[in-house]
Protein chains: 2
Amino acid sequence: MNSILATAIETVSSGGHNGALVLSRHAAHPENRSETGSVFYDRTIFMDSDILEGCMGDRAKHPVRTTEKSLEIVATLNRLGKARVTTLADELAMGKSAVHNHLSTLEEHGYVIKDEDTKTYRLSLKFLDIGGQIRSEIDVYKVAEPKVEELATESGELVHLVVEEDGMGVYLSRSKGERAVDLDTYVGCKHHMHSTAFGKAILAHLPQERVGEIVDQHGLPEVTPRTITSRDELFEELERTRDRGFAVDDEERLEGLRCIAAPIRFDSDIIGAISISGPTARIDDTWENNEFVDQLCRAANVIELNKYKV
Amino acid sequence: MNSILATAIETVSSGGHNGALVLSRHAAHPENRSETGSVFYDRTIFMDSDILEGCMGDRAKHPVRTTEKSLEIVATLNRLGKARVTTLADELAMGKSAVHNHLSTLEEHGYVIKDEDTKTYRLSLKFLDIGGQIRSEIDVYKVAEPKVEELATESGELVHLVVEEDGMGVYLSRSKGERAVDLDTYVGCKHHMHSTAFGKAILAHLPQERVGEIVDQHGLPEVTPRTITSRDELFEELERTRDRGFAVDDEERLEGLRCIAAPIRFDSDIIGAISISGPTARIDDTWENNEFVDQLCRAANVIELNKYKV
DNA sequence: GCTAGTTGTTCTCCATATCAGAATGAATTC
DNA sequence: GAATTCATTCTGATATGGAGAACAACTAGC
């Protein structure tokens with residue numbers, strides 16, 4: 001699809017930041033981005049969030065530039081948390097009046113909140129509102145949501161419900177059991193598929209060519225030394241995953257973390273996955289008579305059987 | 001602030017739809033909206049969501065009309081769930097090419113997903129992503145989130161964590177206990193303050209003039225026969241709430257539902273509320289030696305004491 | 001397989017909306 | 001109270017958005 005970009009990702013990520021997930025909001029801001037907005041990034045430092053932004057959708061033939069400016073402001077506001085007009089104007093190399101016009105428009109429509117005292121702007125919870133509405137209409141969410149909490153209680157570990165969107169895994173639910181580790185995931189956050197158990201559970205049941213597309217689009221960035229970074233290796237692993245019936249992430253995403261995930265299928269269509277994450281110390285890697293595996297697969301089964309309840 | 005609008009709301013809402021919360025997504029679409037976009041609504045039928053949209057922020061002096069078009073498309077897409085180019089063009093009285101340009105721009109930036117097979121567009125989970133990030137940085141959420149689940153387990157009922165934004169209550173967390181009723185609330189959804197326990201818990205600790213502003217802005221729509229609809233009545237109720245230490249909603253929002261809420265204050269600043277909702281049959285309205293009240297107030301206290309853990 | 005009807009996408013050109021820059025106003029600091 | 005900083009408003013040159021037309025890709029009917 002966009003092989004230049006895919007290559008760029010691999011180049012960057014292999015030399016880049018390994019280990020723990022980083023919430024992009026807190027990352028240092030990149031000074032050196034291209035001016036035009038229609039060209040890709042021309043310097044060296046890449047952020048995960050920027051790469052993702054660049055990857056999304058196909059290039060629009062007739063982009064609405066004004067809307068893009070607004071979206072840039074939204075993205076920057078999201079990165080900075082809160083900001084003043086001048087800060088944003090400097091950051092985006094725009095005039096203050098332009099920034100002001102965009103901000104007041106976004107504010108009028110409820111997407112941005114202005115603090116009159118400090119004269120700062122921030123994104124509003126309208127995003128959570130819209131996001132919540134979208135989520136609440138996803139079938140698998142309606143069916144699986146109660147099961148996620150149950151499974152968390154039962155296993156005592158961290159449980160996630162995930163769906164695929166645009167080649168990335170998106171967390172729809174998150175529930176912590178008694179002893180759960182505290183990962184920096186949040187509802188709505190995205191993660192690459194190849195380096196996670198849930199991702200592999202989903203990929204394993206997607207058509208081969210779609211998997212290829214996803215790899216083309218997002219690459220196979222190395223997150224820990226054990227992350228799968230080659231195409232062939234990935235396809236072999238997906239084969240093993242299909243045979244096994246569930247997917248495994250053995251410190252491929254975060255050192256010290258092991259994770260198992262079961263696919264959720266409605267009528268042979270893969271529509272998501274449910275996963276249990278915990279420290280390697282507690283989640284044993286012998287998969288026969290493994291209590292967590294039993295709990296997980298039972299939960300996935302119940303969810304699949306409940307599909308008609310929607 | 002905008003008293004014409006406030007009056008309009010009261011007029012509409014008092015004669016309007018009572019009873020259960022309605023997810024605006026599923027509401028019938030209003031045919032008769034003004035053409036220009038810069039004027040308010042000129043006909044009779046109002047939707048809740050439209051009213052909220054109109055209420056937000058102050059009128060921008062120099063609105064960016066192109067951005068407004070994009071936002072209109074987003075709003076319509078949110079209302080319809082999914083739609084084709086032609087549908088949106090008809091709905092919004094725009095040319096197909098214009099709609100297409102906006103959609104592909106939004107898609108390129110990941111806000112909209114296009115289904116190539118059915119040629120339909122829908123909003124993406126990016127909204128949930130951004131919303132999730134915003135939520136995860138709210139102090140009270142970080143502290144209170146675990147307590148919400150605990151309180152749900154302890155009480156067995158439906159528990160919410162709420163903050164105020166732009167004069168409305170926004171649900172940040174939601175957890176169902178064993179016997180919990182299934183309200184149509186979702187994380188991120190908004191609700192008027194005057195007709196809910198959490199809203200009154202917050203209003204009771206906000207400066208009087210701010211309460212006045214909020215009432216001006218959003219009115220006091222009647223949701224059930226017991227909803228408070230007069231300003232004086234509201235101020236008396238807030239007085240009682242302050243004395244009592246927690247707020248009560250006795251079928252003021254939904255018939256058959258009773259709800260109690262405790263304010264959460266960090267250094268005398270009101271920053272949110274936590275609430276328990278259940279059927280009138282289970283939540284007794286004698287507040288002395290009431291088990292739910294004890295559980296609720298204890299939880300609120302612990303949250304307030306944990307504020308420095310952020 | 002051909003034709004007619006739909007719908008998505010691209011292209012062109014001009015009315016118009018956008019935004020830089022200047023001017024104003026409000027708030028804070030020294 | 002002068003100086004500084006910043007948000008906001010105003011104005012005009014010009015970049016750009018979008019209507020409408022043309023094209024492309026599909027589907028349905030015969």
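Both backbone and side-chain heavy atoms feed into the values below; hydrogens, waters and symmetry mates do not.
Taking both residues in full, the closest heavy atoms of M193(A) and M168(A) are given as SD-C, 3.7 Å, listed atom of the first, atom of the second, then distance. For the pair I270(B) and I264(B), the tightest heavy-atom approach, listed with the atom from each and the gap, is CD1-O, 3.6 Å. Taking both residues in full, the closest heavy atoms of T118(A) and T120(A) are given as OG1-OG1, 2.7 Å, listed atom of the first, atom of the second, then distance. Shortest non-hydrogen contact noted between A83(A) and T87(A) is CB-CB, 4.4 Å. The minimum heavy-atom distance linking I271(B) with V163(B) is given by the pair O-CG1, 3.4 Å. Here the closest heavy-atom approach between residue D166(A) and residue R210(A) is recorded as C-NH2, 4.4 Å.
For Y111(A) and F127(A), the ring centers sit closer than 6.0 Å to each other.
The overall bend of the helix from dG1(C)-dC30(D) to dC30(C)-dG1(D), read as the angle between its terminal helix axes built from five base pairs each, is 40° when rounded to 10 degrees.
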Quick test: give all pairs of protein nitrogen or oxygen and nucleotides 21-30 of chain C nitrogen or oxygen below 3.5 Å, distance rounded to 0.1 Å.
| from | atom 1 | to | atom 2 | distance (Å) |
| --- | --- | --- | --- | --- |
| dG21(C) | O6 | S97(A) | OG | 3.1 |

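Rounded to an integer number of Å, the gap from E116(B) CD to dA25(D) P is 14 Å. The CG-P distance, from N101(A) to dC19(C), rounds to 7 Å in whole Å. Between the CD atom of E68(B) and the C1' atom of dT18(C) there is a distance of 13 Å, rounded to whole Å. For the pair R65(A) CZ and dT18(C) C1', the interatomic distance rounds to 13 Å; values are reported in whole Å. One interatomic measurement links the two molecules: NE2 of H100(A) to P of dA20(C), which rounds to 14 Å at whole-angstrom precision. Atom NZ of K114(B) is separated from atom C1' of dG8(C) by 7 Å (rounded to the nearest Å). The nearest whole Å value for the distance from the CG atom in D90(B) to the C1' atom in dT7(C) is 11 Å. Atom CG in L103(B) sits roughly 13 Å away from atom P in dT10(C) (whole-Å rounding).
Of all nucleotides listed (dT18(C), dC11(C), dT9(D)), dT18(C) comes nearest to the side chain of V64(B). For H102(A), the listed nucleotide lying nearest its side chain is dC19(C); candidates were dG18(D), dC19(C), dC6(D). Here the side chain of V85(A) is nearest to one of dG18(D), dA7(D), dG8(C), namely dA7(D).
Salt bridge E165(B)/R122(A): present, at least one basic N to carboxylate O contact under 4.0 Å. Between D129(A) and K126(A), none of the side-chain N atoms (NZ, or NE/NH1/NH2) sits under 4.0 Å from a carboxylate O, so this pair counts as no salt bridge.
Under the 4.5 Å side-chain criterion, counting only non-hydrogen atoms from C-beta, L161(B) is not in contact with F198(B).
Nearest-nucleotide mapping onto DNA chain D: of T66(A) and T86(A), the residue sitting toward the 5' end is T86(A). For G95(A) and K61(A), each mapped to the nucleotide of DNA chain C holding its nearest heavy atom, the one lying further toward the 5' end belongs to K61(A). The 5' end of DNA chain C is approached more closely, in terms of each residue's nearest nucleotide, by R84(B) than by the other of T67(B) and R84(B). DNA chain D is contacted by both H62(B) and V99(B); H62(B) maps to the nucleotide lying nearer its 5′ end (nearest heavy atom per residue).
Listed pair Y121(A) / dC6(D) fails the phosphate criterion, with no side-chain N or O lying under 4.0 Å from OP1 or OP2.
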